[in-house]
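Chain identifiers are assigned alphabetically (A, B, ...) following the order of the sequence lines, protein sequences preceding nucleic acid strands; residue numbering begins at 1 within each chain.
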Amino acid sequence: MARRYWLVKSEPGAYSWGDFVEEAGTCWDGVRNNAARLNLIEMRKGDLVLFYHSVSDKAVVGISRVARESYPDPTADDPRWVAVDLVPVRPLRKPVSLARIKAEPRLAELALVRQSRLSVMPIRRAEFERILRLGETPASASGR
DNA sequence: GCCAACGTTGGC
DNA sequence: GCCAACGTTGGC
């Protein structure tokens, strides 16, 4: 099975990439939206997950990896809510802002753009790679 | 601070 | 089963 790609959101004021790196990973719990829940269930060990800072930062800041597939969310009363374990892979050299993503025609279909409230979403491999590229190159040279 | 989008709840 | 009211998320 080919590796899949995802994007998860977190408010940095609540839980930031810095917190995540400091802890060397985390249980991604607290998701209480059904669409997001179904996405968590689809995650497989080894899948790569972009880490997005919502609200105050509005940028993709790092890459993480699924370390444990879905299991009942320990913070939920209802066992249908699930969590996964994520570990950091590396930060992006340069965060990729939502504005930059919206300016990129090849990223116009991203759920991040089209459905801003979804907190766990699948992304295509090409989209994942595009964002990585934007995160590695200076803004002046990133249009190609 | 405002508001649009979306989900949930509850009255009917 | 419909829909109005309300709460939450998150961009602007």
Separation of dA5(B) atom P from Met121(A) atom CE, nearest Å, is 17 Å

Residues 20-31 of chain A vs salt bridge (charged side-chain N to carboxylate O under 4.0 Å, His left out), sequence neighbours excluded, gives none

Of the listed dC12(C), dG10(C), dC6(B), the closest approach to the Arg117(A) side chain comes from dC6(B)

Given dT8(C), is OP1 or OP2 found less than 4.0 Å from the side-chain N or O atoms of Lys9(A)? no

| query | Does one side chain, of Arg90(A) or Ser64(A), offer a donor that lies under 3.5 Å from an acceptor on the other? | reply | no

### Task
Tell me whether the OP1 or OP2 atom of dG10(C) has a side-chain N or O from Lys58(A) closer than 4.0 Å.
no

In whole angstroms, the gap separating P of dG11(C) from CD of Gln115(A) amounts to 13 Å

Separation of dG7(B) atom C1' from Trp81(A) atom CH2, nearest Å, is 10 Å

Can you confirm whether the side chains of Asp57(A) and Tyr52(A) place a donor and an acceptor under 3.5 Å from each other?
no

Under 4.0 Å between a side-chain N/O of Tyr52(A) and OP1 or OP2 of dG11(C), yes or no?
-> yes

Worksheet entry | Ionic contact status for Arg106(A) with Glu127(A), cut-off 4.0 Å | no

note: Glu11(A), atom CD; dT8(C), atom P; distance rounded to Å ~ 13 Å

To the nearest angstrom, the NZ-P distance between Lys102(A) and dG11(C) comes to 8 Å

In residues 35-42 of chain A, what donor-acceptor pairs under 3.5 Å come from side-chain atoms, sequence neighbours left out?
from	atom 1	to	atom 2	distance (Å)
Arg37(A)	NE	Arg80(A)	O	2.9
Arg37(A)	NH1	Asn34(A)	OD1	2.8
Asn39(A)	ND2	Ala35(A)	O	3.2
Asn39(A)	ND2	Val120(A)	O	2.6
Glu42(A)	OE1	Arg4(A)	NH1	3.3

In whole angstroms, the gap separating P of dG10(C) from CG of Leu7(A) amounts to 11 Å

Review point. What does Asn33(A) touch in the nucleic acid at a heavy-atom separation under 4.0 angstrom: a base, only the sugar-phosphate, or nothing?
Key: sugar-phosphate

In whole angstroms, the gap separating P of dC6(B) from CG of Leu118(A) amounts to 10 Å

Arg100(A) CZ to dG11(C) P, in whole Å, measures 18 Å

### Task
Describe the nucleic acid contact of Leu98(A) in one word from base, sugar-phosphate, nothing, applying a heavy-atom distance below 4.0 Å.
sugar-phosphate

